[in-house]
Amino acid sequence: MHRSLYDQLTPSQRKAVFHIDGPMLVLAGPGSGKTRVITHRIASLIDSGIRPQNICAITFTNKAADEMRQRVTALGCTAGSHISTFHSLCVRILRQYAAKAQVKNSFSIYDTADQRKCIKQAVKDCELETSNFPPARMLNAISALKNNLIDVETFNVQADDFFSKRLVRIYQRYQGILTEHNAMDFDDLLMKAAFLLERHPKVCEELSRRFRFLLVDEYQDTNHSQYRITRALVSAHNNICVTGDPDQSIYRWRGADIRNILAFEKDWPDAKVVRLEENFRSAANILEAADKLISFNQNRRQKRLIPTRGLGPDIMVNVFEDEAAEAESVVEQIKRLREAEDVQLNEIAVFYRINAQSRALEEAFIKANMPYQIVRGVEFYNRKEIRDLIAYLKILVNPDDEIALLRIINTPARGIGKTTIERIAGYGASHPISFFDALKRIENIESLSKNPKAKVEQFVRMIEKFRKRSTGRVASLTESIFAESGLEKSLKDAGFEGESALENVSELINSAAQYDKSAESPSLVDYLQQISLFSDVDVYDPSSGRVALMTLHSAKGLEFENVFIVGTEDGLLPHERSYDDEDEMEEERRLLFVGMTRAKNALCISCTRYRTIRGQQLRTMPSQFIYELAIEPQPAEEQSTDDSKIADNELPHYRAGQVVIHKSFGPGVVKNFVDMGQNSVVTVRFNKGQEKSLMVKFARLTKMPGH
DNA sequence: CATAGCCGCCTTTTT
DNA sequence: GGCGGCTATG
């Protein structure tokens, strides 16, 4: 089958594909055909007689897993190899060995929003102030501990300073709450799976024998618990093949440990190392620039980036007035590409550092009626109506899921208010029962009057009724719950506001129907656990014929003819939060490197002079990375002819007292002017109150005549 | 008990 | 510029 494709592989790719036994490290640069290598490798394993179910490939995202499955099937191989993310794999393992892992297999998976609620409760239960122990930071700290497989007991022994001792208590309580709710967060999935494998040699051996060949993609972004899981899974055979690129490691903040890939040869001393250094994707000048940039990283293994293509158009580096002008220009350029060069819209992408930047772009795309698609993972499942409906489903599977229960007990409003809930919770706390069990014993709660009791009874009856039906198809169950819970009515009553919500719900029901059709053994538990991990309904669809807008992080693994990277400014890229940490600064540089190397043909990098961040307009400076690229930034082409055009070589002079108007700040009075030729600075006291020093060549001030 | 409106914290990136 | 949580009001 894929024999015919053998000739398409380069010598190094062949080494990575056909050398089968033992540990292997594939150091694959951007655009080196890594995906092809992995799929061919799986195909060649199957070809040489390995049964598909003995192969396990681990990808970074669900999307990547899907694609890989499709590609392997397309090569003519029988399906059946296990291809998934670490998290999905762990869910599967934990459910299979639930008893040994000491979990119930009906567990809920808590996302960030659920986690926040639990950590707040935990801090409160510890009688600490959330102002001194901010939930977000506590979660980060706990996440870091879990990623390093430090459980409460271990941390308790280590904790010796004031903060750590408090953190131990919060950590312990947080885990307690999760256990009471029969829930796990993302980090728990990994940690519990790792502990299961390490503490139960038989389980470890069983799985290691089942997955005789393990492949881990994006190995540079694995964290410590994933590393330990990997070690355990290959302990019986060491048939491990990892692929990755240290220069594309961009998930440090999430616990990714670049040392995993850097130390691979130490961990597996007989490892074979294959380097894929040829790049088949990008024009030579793009690679040259990317290489120049990444060379500024100190903590790095030297690596070559060998172009196989010729020069493309010059890389553009543009400076704009503000994010609106930047976005408009992007749209204008896309129009030109489309009309003059006949580029398809799905061959174009715009990357940015933070999600909030998508707004300005979106506005410009809408204004120009240009089809676009925002690629953002969690969006869909974050919508209120979706979360509500899913909460109903979760309760059926896992009645202990208090987060879900509290979410829906009065959604839509059914007369069960705050006081009632508090009294029930009080009863639940003084008896060793869960919140849901307290609901069932509502009769015994003396502090409640007749009316609320009846309401609660009605609610419990409804849930029990739903539960009886929860063994059938997920889609029809979801649909009937939507109708019978009153959610549908409340959305319909909301008028036009509820319209898009209704559409979203039908999208959810569609996805459930899809699941019913395609799952190996469909069940509600399985569906819920899957969608908790697969939060990607909005995932990028290249066939949609729209321009893709996404963060630089989401851009990993993709490629486009034309790439725009916007907001390349100090404070944004590198993000200001990385300033005081050299490692993080290097990661920011890698982020830009990843973005640049997505481009096949043309690359346009831009920054602005002013940017509105959280409602505040700030003066911004080009990113230091732009200077490292050593490409002279071009002042933006004039987009408008309305206001007084200023030629760069004849900048105006100002004198104190002169009244001027600024595009965004409005009118003001010049306080000072320093003549430095092209770099002249004017200080203006604006009527709104603020005083600003502006570069004359950027500021585009209009002089008020007569002053 | 429900709702509207206000305050404060927030978001850098995601499985 | 937005959301969650809190408060005042009907």
Side-chain angles (χ1 to χ4, degrees), chain A residues 58-65 84-91 109-113 115-117 120 124 130-131 134-137 139-140 143 146-147 184-190 218 221-223 225-226 249-256 351-360 363 375-379 381-384 387 407 410-422 449 451-452 455 490 529-536 538-539 550-556 567 571-579 581 584 587-588 590-592 594-595 612-617:
Chain A
I58 298 173
T59 56
F60 191 72
T61 63
N62 288 296
K63 187 180 66 190
S84 77
T85 63
F86 266 109
H87 287 85
S88 296
L89 177 65
C90 289
V91 167
I109 298 171
Y110 276 4
D111 65 10
T112 320
Q115 282 180 290
R116 275 180 56 132
K117 288 183 181 152
K120 277 188 180 169
K124 221 162 130 194
T130 46
S131 49
R137 227 193 289 155
L139 275 179
N140 276 339
S143 176
K146 288 184 180 176
N147 284 333
M184 284 190 243
D185 63 22
F186 290 125
D187 302 318
D188 281 331
L189 297 173
L190 303 175
E218 307 287 8
D221 281 324
T222 50
N223 63 29
S225 54
Q226 291 166 334
S249 165
I250 53 176
Y251 283 92
R252 200 181 102 95
W253 52 275
R254 201 177 94 173
F351 303 149
Y352 37 84
R353 177 65 178 83
I354 65 173
N355 282 310
Q357 287 175 261
S358 66
R359 176 178 311 278
E363 278 167 13
V375 180
R376 185 163 32 189
V378 288
E379 263 297 89
Y381 288 96
N382 254 339
R383 300 200 166 112
K384 187 184 177 303
R387 289 191 82 103
R407 180 171 194 99
N410 201 31
T411 308
R414 52 171 69 87
I416 304 174
K418 214 172 106 184
T419 341
T420 313
I421 290 169
E422 260 166 29
S449 56
N451 199 28
K455 298 264 166 69
S490 74
Q529 289 174 347
Q530 279 201 24
I531 61 171
S532 304
L533 298 175
F534 196 98
S535 40
D536 275 325
D538 275 333
V539 20
M550 68 187 88
T551 63
L552 285 159
H553 283 90
S554 321
K556 186 162 91 165
L572 210 47
L573 182 66
H575 195 273
E576 57 182 351
R577 296 213 179 185
S578 358
Y579 281 161
D581 185 329
E584 279 183 32
E587 178 145 317
E588 297 287 310
R590 290 195 291 268
L591 206 42
L592 181 55
V594 167
T612 308
I613 292 169
R614 264 184 253 148
Q616 284 239 303
Q617 194 182 43

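Chain naming here is simple, since letters A, B, ... match the order of the sequence lines and numbering starts at 1 in each.
- More than 12 heavy atoms of other residues, nucleotides or ligands shown are found within 6.0 angstrom of CZ on A/Arg387.
- In this view, A/Ser88 and A/Thr85 satisfy the side-chain hydrogen bond (donor to acceptor under 3.5 Å, both in side chains) rule, not counting sequence neighbours.
- Remark: side-chain polar atoms of A/Asn62 are not paired, donor with acceptor, to backbone N or O of A/Ser84 under 3.5 angstrom.
- In this structure, A/Ile421 and A/Gln115 both approach DNA chain B, and ranking their closest nucleotides by distance from the 5' end singles out A/Ile421.
- Salt bridge present: A/Glu218 and A/Lys556 bring a charged side-chain N and a carboxylate O closer than 4.0 Å.
- When the C1' atom of B/dT11 is taken as reference, atom CG of A/Leu572 falls 12 Å away, rounded to whole Å.
- Inter-residue side-chain proximity for A/Lys384 and A/Arg407 is flagged as met; some heavy-atom pair is nearer than 4.5 Å.
- With B/dT13, B/dT15, B/dC1 as the candidates, the nucleotide lying closest to the side chain of A/Thr420 is B/dC1.
- When rounded to the nearest whole Å, the span between NZ of A/Lys455 and P of B/dC1 equals 9 Å.
- Comparing B/dT15, B/dT14, B/dC1 by their nearest atom to the side chain of A/Thr419 picks out B/dC1.
- A donor-acceptor pair is defined here as one N or O able to donate and one able to accept, closer than 3.5 Å; no such pair exists between the side chain of A/Gln115 and the backbone of A/Tyr110.
- Using a cut-off of 4.0 Å between Lys/Arg side-chain N and Asp/Glu carboxylate O, A/Lys146 and A/Asp185 are scored as salt-bridged.
- Atom CD1 in A/Ile58 sits roughly 16 Å away from atom P in B/dT15 (whole-Å rounding).
- If you take atom P in C/dG4 and the same atom in B/dT13, they sit 16 Å apart, rounded to whole Å.
- In this structure, A/Asp111 reaches neither bases nor backbone, as no heavy-atom distance under 4.0 Å exists between it and the strands shown.
- Ion pair A/Arg254/A/Asp187 not flagged as a salt bridge, since none of the NZ, NE, NH1 or NH2 atoms sits closer than 4.0 Å to an Asp/Glu carboxylate oxygen.
- Proximity of A/Asn62 to the phosphate of B/dT14: no side-chain N or O atom is located under 4.0 Å from OP1 or OP2.
- The distance from the NE2 atom of A/His87 to the OG1 atom of A/Thr61 is 12.5 Å, given to the nearest 0.5 Å.
- Nearest-nucleotide mapping onto DNA chain B: of A/Thr112 and A/Pro135, the residue sitting toward the 5' end is A/Pro135.
- Partners of A/His553 by ring-ring contact (aromatic ring centres under 6.0 Å, His included), not counting sequence neighbours, listed by chain and number: A/Tyr251, A/Trp253.
- Between A/Asp188 and A/Ile109 the shortest side-chain heavy-atom distance does not fall below 4.5 Å.
- In terms of phosphate contacts, A/Ser554 brings a side-chain nitrogen or oxygen within less than 4.0 Å of OP1 or OP2 of B/dT14.
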Please tabulate the protein-to-nucleotide N/O contacts below 3.5 Å involving nucleotides 2-4 of chain C, giving atom names and distances.
none

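- The residue from A/Ile58, A/Leu190, A/Leu189 that alone fulfils the side-chain contact (heavy atoms from CB on, under 4.5 Å) condition with A/Leu89 is A/Ile58.
- Atom CH2 of A/Trp253 is separated from atom P of B/dT14 by 6 Å (rounded to the nearest Å).
- No contact: A/Phe86 has no heavy atom under 4.0 Å from any strand.
- Of the side-chain N and O atoms in A/Thr551, one or more sit less than 4.0 angstrom from OP1 or OP2 of B/dT14.
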Report all interatomic pairs (protein N or O, nucleotide N or O of nucleotides 2-6 of chain B) with separations under 3.5 Å.
| from | atom 1 | to | atom 2 | distance (Å) |
| --- | --- | --- | --- | --- |
| B/dA2 | OP1 | A/Gly415 | N | 2.9 |
| B/dA2 | OP2 | A/Asn410 | ND2 | 3.1 |

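- Proximity of a side-chain donor or acceptor of A/Gln226 to a complementary backbone N or O of A/Asn223 within less than 3.5 Å is detected.
- Atom-to-atom, CD of A/Glu363 to P of C/dG1 comes out at 7 Å; the value is rounded to the nearest Å.
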Interface polar pairs with nucleotides 8-10 of chain C, N/O, under 3.5 angstrom:
none

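- Taking atom CG of A/Leu573 as the reference point, atom C1' of B/dT11 lies 16 Å away to the nearest angstrom.
- Counting only distance, with no hydrogens or angles, the side chain of A/Arg590 and the backbone of A/Ile250 share no donor-acceptor pair below 3.5 Å.
- The CD-P distance, from A/Glu218 to B/dT13, rounds to 20 Å in whole Å.
- Scanning DNA chain C for stems, defined as runs of 3 or more consecutive Watson-Crick or G-U wobble pairs whose donor-acceptor distances all fall under 3.5 Å, gives the following ranges: B:1-9 with C:2-10.
- Electrostatic pairing of A/Arg252 and A/Asp581 counts as a salt bridge here, judged by a charged N lying under 4.0 Å from a carboxylate O.
- Atoms CG (A/Asn355) and C1' (B/dT13) sit 8 Å apart, rounded to a whole Å.
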